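When a ligand or atom number is given, it counts from 1 through the structure's own listing order. Remember, it's a predicted structure, so these values are computed and weren't measured experimentally.
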Amino acid sequence: MASDAPVLAGRSRHVVADPLDVERIRQDFPIFLKRTGKKRLIYLDNAATTQKPKSVIDAVRRFYCEHNANVHRGAYWLSEEATRLYEGAREVVRSFLNAPTSSTIVFTRNATESINLVAYAWALNHLKPGHQIVLTEMEHHSNLVPWQMVARRTGARLEYVRITDQGKIDLDQLSELLRRPTGLVAVTHASNVLGTINPVAEVARLARAWGARILVDAAQSAPHIPVDVLDLDPDFLAFSGHKMLGPMGIGVLYAKRERLEEAEPFLFGGDMILSVDWHESTWNELPWKFEAGTPNVAGAVGLAEAIRYLQRLGTGRIFSHERQLVRYAFERLSEVEGLRIFGPGPEERLGVISFEVHGIHPHDLATFLDARGIAIRAGHHCAQPLMKRLGVVATARISFYLYNQPDEIDALVDALQEARRFFLG
Ligand code: 7TS
């Protein structure tokens, strides 16, 4: 496949002359090695979680073997070392997001917790009856259910921006909606079902013009395309480490300083306080005001290593590789009779492809493929309202990352043809 110049989320154009050496990259991932006697693993569920390179696993292991102590409290050298590693990881995340300061980078467990933090700590205190919360029809439950809770408790109203039949958000309708008082626009940067890359910089610009706050769910985008908070200018942005080669149990919330300053703490207890008296307490400085209790230090260290790994390879090269896989997958999947892909064309999406094969339930398909060593996801992908909009109860979904190869798509297509013969005769 030829290398090319993909457009990255409306931000910049990267010409990639130097394709990834995927065979070499796969050597870094223990899960793809040492499978003697077992089936070959064709892992096509990267939108759910990604595999971990040895350097990330080693960074976590090294933390526990050599640096383990609680942070921000010990007066001894080991605790200082752990604190330095933890705060160093925050600085790596800051630079990854191009944020002006690491004091607005809050470590959480995952994107879900980051969004809940915004819902509880900020939205409950800032949204009112008469406000609307604008979402889109393609949100993951993580960026939908918390807003139902906020709407119920504050009297704000939920509104959904429609998606077109091509799986894109309708910006004209968004502009219309924004004429009414809007407390928050919460939108995904990229859909975990359709793969659509949304023009969030444009959404943020529109929202700001009408005085609305904006939250970007970057759970799917941060692993694959540049997420520059100066460029996108969101009030809040959330993502998870585990979808970008990092450990499970570590996530990030970026927010504008003013938003974090006007928010109440989300969780209360140790570390988030400045001083405690019998009846009153005062809060710690940012970002620790939002990090109550012992944090996932090893997770943060592992995430920093994952970011370094991605940066060593180059996000532009990774995206270009994935884009080529998407193009190839579209080409090959079109050979399967009765197969329908949901969402936009290959040039407007991430490496996420949801599809159905007429006459075969997605769960049956996933089980059939699993027996051939191919891991795909089937179901509603935590986007039940979107399934309703698409008129299906479930889809089959494949999703790529830097270690996937065209021959895995060939194996998938062979297995899909076999499934058609098996189920449909
Ligand atoms: N937002 C989007 C767009 C997502 O795709 C997901 C997870 C989340 C939020 C929540 O991330 P978490 O790390 O807090 O769980 N998406 C998926 C998926 O598509 N399959 O499994 C998890």
Check each N or O atom of ligand 1 against all protein N or O atoms and list the pairs under 3.5 Å, with atom names and distances to 0.1 Å, one per line.
residue, atom, partner, partner atom, Å
ligand 1, 1 (N), Asp217, OD1, 3.2
ligand 1, 1 (N), Asp217, OD2, 2.5
ligand 1, 5 (O), Gln220, NE2, 2.7
ligand 1, 13 (O), Ser240, OG, 2.6
ligand 1, 13 (O), His242, NE2, 2.7
ligand 1, 14 (O), Ala111, N, 3.4
ligand 1, 14 (O), Thr112, N, 2.9
ligand 1, 14 (O), Thr112, OG1, 2.5
ligand 1, 16 (N), His140, NE2, 3.3
ligand 1, 16 (N), Lys243, NZ, 2.9
ligand 1, 19 (O), Asn192, ND2, 2.9
ligand 1, 19 (O), Arg397, NH1, 2.6
ligand 1, 19 (O), Arg397, NH2, 3.4
ligand 1, 20 (N), Arg397, NH2, 3.3

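- Taking the ring-ring contact (aromatic ring centres under 6.0 Å, His included) definition, one finds that Phe266 meets it with Tyr120, sequence neighbours left out.
- With sequence neighbours excluded, the residues that form a side chain to side chain donor-acceptor pair (under 3.5 Å) with Tyr86 are Glu291.
- Residues Tyr403 and Phe32 bring their aromatic ring centres within 6.0 Å.
- With sequence neighbours left out, Arg332 forms a side chain to side chain contact (heavy atoms under 4.5 Å, CB included) with Tyr328, Glu335, Ile409, Asp410, Val413.
- Of the listed residues (Ile169, Leu177, Leu144), just one forms a side chain to side chain contact (heavy atoms under 4.5 Å, CB included) with Tyr160, and that residue is Leu144.
- Using bins of under 30°, 30° to 60° and over 60° for the plane-to-plane angle, the ring pair Phe368/Phe422 lands in the tilted bin.
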